[in-house]
Structures are given as structure tokens and as C-alpha cells.
Protein chains: 2
Amino acid sequence: MVTIADVARHAGVSISTVSYVLSGKRSISADTERKVRDSIHDLGYQPNAGARALASSKSNVLALVVPLRSDMNLPVLMQFATGVVTAARAHEHDVLLLTQDEGVAGLRRVAGTALTDAIIVMDVEQRDPRIDVLRRLHQPSVLIGVPEEPSGLACVDLDFAAAGGECVDHLCDLGHRSLGFIGAPTPVYERGTSFARRTLAGFQSAAERRGVAAASVACDPSYAGVRDALAELRAKTPDLTGVIVHNEDALAPLLDIVQAEGSAIPDDLSIVAICPDQHAQNLPVPVSAVTIPTEEIARNAVEMVMHALDSGMDAEVRLLSPELHIRASSGPAPVSAPREANAASPDTDQARP
Amino acid sequence: MVTIADVARHAGVSISTVSYVLSGKRSISADTERKVRDSIHDLGYQPNAGARALASSKSNVLALVVPLRSDMNLPVLMQFATGVVTAARAHEHDVLLLTQDEGVAGLRRVAGTALTDAIIVMDVEQRDPRIDVLRRLHQPSVLIGVPEEPSGLACVDLDFAAAGGECVDHLCDLGHRSLGFIGAPTPVYERGTSFARRTLAGFQSAAERRGVAAASVACDPSYAGVRDALAELRAKTPDLTGVIVHNEDALAPLLDIVQAEGSAIPDDLSIVAICPDQHAQNLPVPVSAVTIPTEEIARNAVEMVMHALDSGMDAEVRLLSPELHIRASSGPAPVSAPREANAASPDTDQARP
DNA sequence: TTGAAAGCGCTAACAG
DNA sequence: CTGTTAGCGCTTTCAA
């Protein structure tokens, strides 16, 4: 193994000079710097991470806590994770993977042993048992998501309430007067998952503000689940003309079901989603959607962590503004309510073009 | 921060005694051990990871390289990752996340700086540029997947060739004489992804051995993609009665499409999949499937790494035997070819019950 | 602009 | 069975 002493000897300088060339923490003559860099290159020197961590009290590693529940949306999760890794690498940091099942003990372990410098937690719930621990930890942390009581914590997320509102406004502006909301599976709400509840709340208050009829349902991401959800919405608001979907997995089945029953999108039914842009684009009908800017959220999380690391933590809650991309799935409300009989007699009408 | 010296002082013993209590590397009197453990507990001592790594030349961290391509199957990926973390934790190790886009440089970096003790690589391709680097690295590594030339490397995977064969045998035993194979998206084969090719080869040679008609298609995981794939298979083998699916995302659409055209599963068409068991179970029709034992593969990978770490690396290729779980989607072949006209006139027959 | 040297907290000989 | 101590490779004063 090549050590810093080998480099120093090879370059004919002291150990500290090599160290300072690497860290840039004091000025070095151009000549010395060149000699040192050449030696580093010639010898293939790579500084030892453990020694560095011990001497500097910085591991240059971030912990990332990912949920492993299967009802979470995997693609979104994956995008967050790779976004965090990429952003961390841009700041010379690596990422240690913690699964949620180690729970609070995992947080205490990595912080207590100084394995990591800071912690990023995904999929935060409204009343999350981990946030108390995080507050007490002598290590900065950033949550992706916003708990009920975020005081003293740094959080980033999409402004899901505004996102829900923006979808409502878009549909209302198109003349829709009766809206439905297809949400995540029931357990997600029962757990109090922050983003799911905030979106729903945003939908409801915007609908109220605009004075339109509105109903919402949780939705299992299976065909049957989506069929049931749509039927339930129609039962609650018989002249439904616009649906907002905050459930990626429900989107493809929904389009298929609507098409199979002979309804046209957006002529009979407008659909707006809240999901990653790429997913909305690649459906059979390109779907109008509020983007979930996973990569941007991840980058923000890492930047907040980096800031906390060298300027002290501040308990900012950063909510990114939603951006609606209008595509083919949303259009003007039909002139007359298109399917008054539908909720009552689902089996008529099948032969429609 | 509490150090080992604090613990030693508090317990009235030497530093090394504390260290040996922790490592178990020499015998300690029951009395001393109790005193030390009490002090550790009272002071809340946690050993410093950097100091440990420096002194012992072991970081107790494994690198895990995950692919970030979106055409990879996310649930499977996630299961591997959590499986590796869980298994690693059971061996007192943590997991550092590397994304594939850092490529070979990431491997060199973590090994060169001694950030990690060993490397686990997922999604290995047949001729993977990383394997040469891994061979040269002074750090053990295990591949999940098998490259074309695995000599000198440790690999674990499901025996995908045998899995393909087992599906063929199952269908042939049920009297099917004309089989189709719906595979991964085209790019997966073009990249030379190891498991995809091995499965296909296993399918083909088994079909030949059993003397049955066989055709295969790559398949995009969209509705249209699956529709096309099925049509292509039927064009190639007009009296198709059994389909083997090695493409998780195609499964749900396939069931839906087959049902929509009025065919019964398994009466008209038998379906067998190669995918994680949980996924096969939760479809509208429970699907007969060869399990992809992600958790077991992950555990094996970690165990091989651990073995390499304390007994030296051996270049074993460990292929796990496939296990077929028979469910409702596969049954005896229909007595007469059920839909001779189908490939030619897809629009007839729609009114069938 | 550079060098010498004192730790950082722990492991593992070595000595008893 | 236990204690003393020399490093591990680096960062960062302190001194020049």
C-alpha cells in the first residue's frame, strides 16, 4: 500500500505538504504542487479512508435510510436513491445504505460510531418515531418528506398540497365541476405517510375553494382495485368528468379500464396525475401531470446536508413548487354530463363506439 | 465522545482488556468482562469506526454496485439490495451504495482508499468491462450473475438455464407441444445481460430435447408490447398452447389481454413465469412460476464475501437450483388446437363468453 | 511557502 | 488472565 509518506519521500517534500496539496488548505508553490501531483500519479496513491476519518473526524459518508415496504413506489424510491448518490458524489461523499428495519438503532449506530457524517431519511411519516432520535443525534440530518411537527428538523419535499391544488385548478379552468381523486393504497394513509395526506388535503381544500363537487378514494394498485376505485368515485359524484391520480401504479390500469368501457380521454373523462414526468409521458395516452422532481429533491437534500456540515444545521422546511405539464389526457369538460346512468347501471352502454 | 480509554478507566482495567472484551479474541475472566460491559453500557460507549478501520485494516463495509437502468426490474433489484443489507448486517457489516455510472472508477476508489472490504456487483453482463478490474483488485468480490468468462471470479445466481428448462418440462409433461417464450425487452439481450440469455438458452435447448415447437420474442413491458409479443408468438407457432414469461412487467398485461380476447387460462392457454414468488401469487390468476430467490441469492453473495474475507477468495460459481411452484395458470394442453384462426383474424371470436 | 511532530481512537503484538 | 505500548495513515497545529 502506498502511503502519504511514500509520496512525500518520492516528491522530496514533507508529509504535511502532500496533505495540503490534497486538501488545498494552504497555499503551495506551483513547483511543489506539480512535483507532489506527479508523485501521487506515479505511485498511484490513494489516501486511506479510515486514517482520514480518524484524523479529521469526517468520514465523508452519508447515511441514506430507504423504506423497504412494498407498497411504496419503487421507481420513485430508486430515483431518489440514485439522485442522492449522484449528488453526494458531486460533493466527495459516499452513501451508506440503511434499511428501515434496523430502525432507530441503525441511526444511533452509524452516528455513534462516526461511520457517517450526516443522515438522509426517506419516506417520513407524520408522526415518525425516528424524528425524535434524529433531533437528539449529534449529527445533522435531512428528511425527505415533512412530519407533523418539523420544528428543529431540516426537510425537503415537493409541495404536495400545492400540487393537489394545481391539479384541481387546471381541471376547474377547463370547466370541470365534479372531480375525483384516486389516491395511494389504504395502508399508506393509515401509516400517516406525509406526502399522501398532504396531497389529499390540497385537493380537498382547492375543490372547496373552487366550489366544485369532489370525492376521493384510496386505491389498491391492481386492476380490480382501480375498477373499484373508479366505480366508487362515480357513485359518490355521478357526473364525474375529471380524475386526479396520485398513485403511479393505478395509472396504466385506469387508462385501460376507461378505454375498455368505451369512454374517450379527455373527451368524456379528463385525467391528471401526480407522478414522475417520465412515467406520465410513457403511457398509452400521455398524461397531464405534476412532476415529482425526484432528482431535484435528492439534490436539495444533499445540499442541505452539506450546508449543515460546514455551517451548522438550520431547520429549514424546503417545499419545491409543483410544475404541471399539460398533455393529452386533460381537456375541456364535456358539455353535458356524459354518463348519468352509469353509476346506477354499469352494464348498459357497453356497445358504445 | 466516549473513547475506549474512558471505558477502561471507568472499569478499572487496561485499554486492551476492553478491546479484547469487544472482539472476543482472548479469554477474559467473567468478573472483568462484567465490569467492562457495565462500563460500556453506563457510558454509552460506541467504538469509533475510523479508528477501528485504521488499526485493523478492516472497514466492515461492503460495496454494493446497483444498476440504475430503468429497464431493469426494480422490485427484484430492491429485493436484492435489501437482502444484501440484511445479510451484511447479520455479519456486522454495512453496505455502501455505488451506482453503475461511476463505473470502474468507483470500484477502484472504494478499494483503493480501503473504504470497503469487499465488493458485490449486481446485474453482471456477459462481457462486463468491470470484471477485469475486479480480478485485479486487491479486494474480494462476488458477482450476482455469471459472465461469459467467470474464471477467477466468485459468482452466485439462480440457474436460469435450468429454470427455463424446468418450465418447458412442466408444460410438456402437461401435454403441450407448442410453446412460446416472452422475454425481457430487446436492449436487455443486446447488452448481453447474463441471466436473460441463459434463460432463453435453457428454454430453447429443453424444447429441442423434448421435441416440441418453440418460438421466442423479446417484449417491451407495455400493453402494446405484450400484445405484439403474443401476436408474434402465435404467428410463429400457430397452435400455441403454453407461454413462458421471463418478464415480470409483462405478466399482468398478458393475463388481461388473454382474458379480454375471451381465452381461458389455463384451459386455452397455459402460462408459466420466471419471477419472484410474491409477484406470481398476487396476479388476478395465480401464476405457476419458477421463483427468483432474491433473498437467498443475496445471502449467498454475502456469505461468499465473508468467506473470502477470512479464508481467502475462491472462484466458485454457485448456481441455485430452480424451484417451480405450480399454480392455477398452467394445466393440461387443450385436446384440439383451440384457436387455429386466431393469428389470421384477430377480430373474430370477441363475443365468446 | 514549508517542515516537524503531536495526536485522532483503536488493534494486536509483546511482556508478564 | 491482564497490562504496556507501538503503530495504523492521516490532519493540523506550531514553528520557522
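Keep in mind that the numbers below use all heavy atoms, side chains included, and drop hydrogens, waters and symmetry copies. Residue numbers start from 1 in every chain, and the chains themselves are labelled A, B, ... in the order their sequence lines are given, proteins ahead of strands.
Counted by atom type alone, T113(A) and R109(A) present zero donor-acceptor pairs between their side chains at under 3.5 Å. Neither side chain, D31(B) nor S29(B), offers a donor N or O lying under 3.5 Å from an acceptor on the other.
At a threshold of 4.0 angstrom between heavy atoms, the contacts of I28(A) are confined to the sugar-phosphate backbone, with no base atom among them. Residue T3(A) is in sugar-phosphate contact alone, with no base atom involved, counting any heavy-atom pair closer than 4.0 Å across all strands shown.
Taking side-chain N and O atoms only, T32(B) has a distance below 4.0 Å to OP1 or OP2 of dT2(D). In this model, the phosphate group of dT4(D) is not approached by any side-chain N or O of Y20(B) to a distance below 4.0 Å at OP1 or OP2. Regarding contacts with the backbone of dT12(D), a side-chain N or O of K25(A) is found under 4.0 angstrom from either OP1 or OP2. For dT2(C), the OP1/OP2 oxygens have no side-chain nitrogen or oxygen of R26(A) closer than 4.0 Å. For the OP1/OP2 pair of dT2(D) and a distance below 4.0 Å, the side-chain nitrogens and oxygens of T17(B) include no atom meeting the criterion. Within the 4.0 Å cut-off from OP1 or OP2 of dT2(C), at least one side-chain nitrogen or oxygen of S29(A) is found. Dashed line: the shortest gap from a side-chain N or O of S14(A) to OP1 or OP2 of dG3(C) is under 4.0 Å. Taking 4.0 angstrom as the limit, S19(B) places none of its side-chain polar atoms (N or O) nearer than this to OP1 or OP2 of dC10(C).
R130(B) pairs with exactly one of L137(B), V121(B), I119(B) by the side-chain contact (heavy atoms from CB on, under 4.5 Å) rule, that one being V121(B).
In the set dG9(C), dG3(C), dT11(D), dT11(D) carries the atom at the smallest distance from any side-chain atom of A55(A). Proximity note for S56(B) (side chain, C-beta onward) versus dC10(D), dA4(C), dA12(C): the nearest is dA12(C). For I4(A), the listed nucleotide lying nearest its side chain is dT11(D); candidates were dT11(D), dT1(C), dG3(D).
Put simply, CZ on R34(A) is 16 Å from C1' on dT1(C), counting in whole angstrom units. Distance, R52(B) CZ to dG9(D) P: 19 Å, rounded to whole Å. Rounded to whole Å, the distance from NZ on K35(A) to P on dT1(C) is 14 Å. The nearest whole Å value for the distance from the CD1 atom in I15(B) to the P atom in dT4(D) is 9 Å. Look at CG on L54(A): it is 4 Å from C1' on dC8(C), rounded to the nearest Å. A straight line from CG of N60(B) to P of dT11(C) spans 10 Å, rounded to a whole angstrom. Put simply, CE on M1(B) is 6 Å from P on dG9(C), counting in whole angstrom units. For N48(A) and dC8(D), the CG to P distance is 12 Å, given to the nearest whole Å.
Take S141(B) and apply the side chain to side chain donor-acceptor pair (under 3.5 Å) test, not counting sequence neighbours, and it matches no residue.
Judged by distance alone, with hydrogens and angles left aside, S23(B) brings no side-chain donor or acceptor close enough to the base of dA12(C) to form a pair under 3.5 Å.
The number of heavy-atom neighbours closer than 6.0 Å to CZ of R127(B), taken from other residues, nucleotides and ligands shown, is 12 or below.
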Practice item. For the pair V124(B) and V146(B), evaluate side-chain contact (heavy atoms from CB on, under 4.5 Å) and give the outcome as yes or no after the intermediate values. Key: CA-CA 7 Å; V124(B) 176; V146(B) 184; over 6 Å; no
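Residue whose closest nucleotide on DNA chain D sits further toward the 5' end, between K58(A) and A51(B): A51(B).
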